[in-house]
Every structure is written in C-alpha cells, then in structure tokens.
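So that we are looking at the same thing, I have put the structure below in structure tokens.
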Amino acid sequence: MVLFLLLVLVAVVLGIIGVAAESLEYLLIIGIVLLAADVAIAYVRWSRRAGHRPIR
C-alpha cells in the first residue's frame with residue numbers, strides 16, 4: 001500500500017512539473033504513464049486477493 005501511494009505521489013509531482021515547465025512536457029507524459037501502470041498493478045493485486053477467499 002505504501003508503494004502504491006508513493007508511486008501516485010511521484011506521478012502527480014511529475015505531472016505538475018511537466019505542466020508548469022513548458023519545455024518539460026515529457027515529464028507530464030512519464031507521470032501519466034506511471035499513474036496508469038500503478039492503477040493497473042493495484043487492480044491486478046486487489047483482484048487476485050479477492051479470488052482466494054474460501055467458500056463457506
């Protein structure tokens with residue numbers, strides 16, 4: 001969970017820097033890609049955890 005929040009924070013910071021500095025638009029793109037990858041990893045992690053519940 002800490003890694004997820006850290007990656008979201010890094011993605012947001014890179015996005016803000018990419019928008020603020022007009023010549024550093026690649027940082028905005030890196031931030032967006034990082035955020036999308038982080039959400040995908042979190043989805044896979046949580047979906048796997050939900051599938052292992054025992055049936056009562």
Side-chain angles (χ1 to χ4, degrees):
M1 187 65 162
V2 173
L3 181 62
F4 174 76
L5 294 175
L6 179 67
L7 287 176
V8 169
L9 182 65
V10 169
V12 169
V13 168
L14 285 175
I16 291 171
I17 293 172
V19 169
E22 295 173 4
S23 62
L24 298 177
E25 293 173 350
Y26 65 92
L27 287 179
L28 175 62
I29 296 169
I30 291 171
I32 292 170
V33 169
L34 183 62
L35 183 64
D38 190 35
V39 169
I41 290 170
Y43 176 75
V44 168
R45 200 174 206 193
W46 284 324
S47 67
R48 249 196 277 158
R49 187 181 312 166
H52 293 292
R53 293 184 182 159
I55 300 173
R56 292 185 182 191

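Because only heavy atoms are used, hydrogens play no part in the values below, and waters and symmetry mates are left out as well, while side chains stay in. Here, residue 1 is the first one in the sequence, and each next residue gets the next number.
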- Are L24 and V10 grouped together when hydrophobic residues (ILVMFWY) are joined by side-chain heavy atoms under 4.5 angstrom apart?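 Cluster IDs for L24 and V10 match.
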- Under the side chain to side chain contact (heavy atoms under 4.5 Å, CB included) test, residues paired with A42 that sit two or more places apart: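 Testing A42 for side chain to side chain contact (heavy atoms under 4.5 Å, CB included), a comparison that skips the adjacent residues, returns F4, W46.
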- Task: Specify the closest pair of heavy atoms between L14 and G31, including all atoms of both residues, with the distance to one decimal.
- Result: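 Closest approach of L14 to G31: CB-CA, 4.1 Å.
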- Going from CG on D38 to CG on L6, what distance comes out if it is rounded to the nearest 0.5 angstrom?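 Going from the CG atom of D38 to the CG atom of L6 covers 9.0 Å.
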- Query: Under a single-linkage definition using a 4.5 Å side-chain heavy-atom cutoff for Ile, Leu, Val, Met, Phe, Trp and Tyr, are I41 and L5 assigned to the same hydrophobic cluster?
  - Reply: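 Shared cluster, no.
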- CG of L9 to CG of L34: how many Å apart, nearest 0.5 Å?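 Rounded to the nearest 0.5 Å, the CG-CG separation comes out at 10.5 Å.
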- Is there a path from V33 to V8 through hydrophobic residues (I, L, V, M, F, W, Y) whose side chains come within less than 4.5 Å of each other?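 Each belongs to a different hydrophobic cluster.
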- Query: For the atom pair CD1 (I30) and CD1 (I17), what is the distance rounded to the nearest 0.5 Å?
  - Reply: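 Atom-to-atom, I30:CD1 and I17:CD1 are 11.0 Å apart.
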- Message: To the closest 0.5 Å, what do you measure between CG (L7) and CG (L35)?
- Response: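 So the gap between those two atoms works out to 9.5 Å.
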- Query: Are L27 and V13 connected, step by step, through hydrophobic side chains (Ile, Leu, Val, Met, Phe, Trp, Tyr) whose heavy atoms are closer than 4.5 Å?
  - Reply: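 Both belong to a single hydrophobic cluster.
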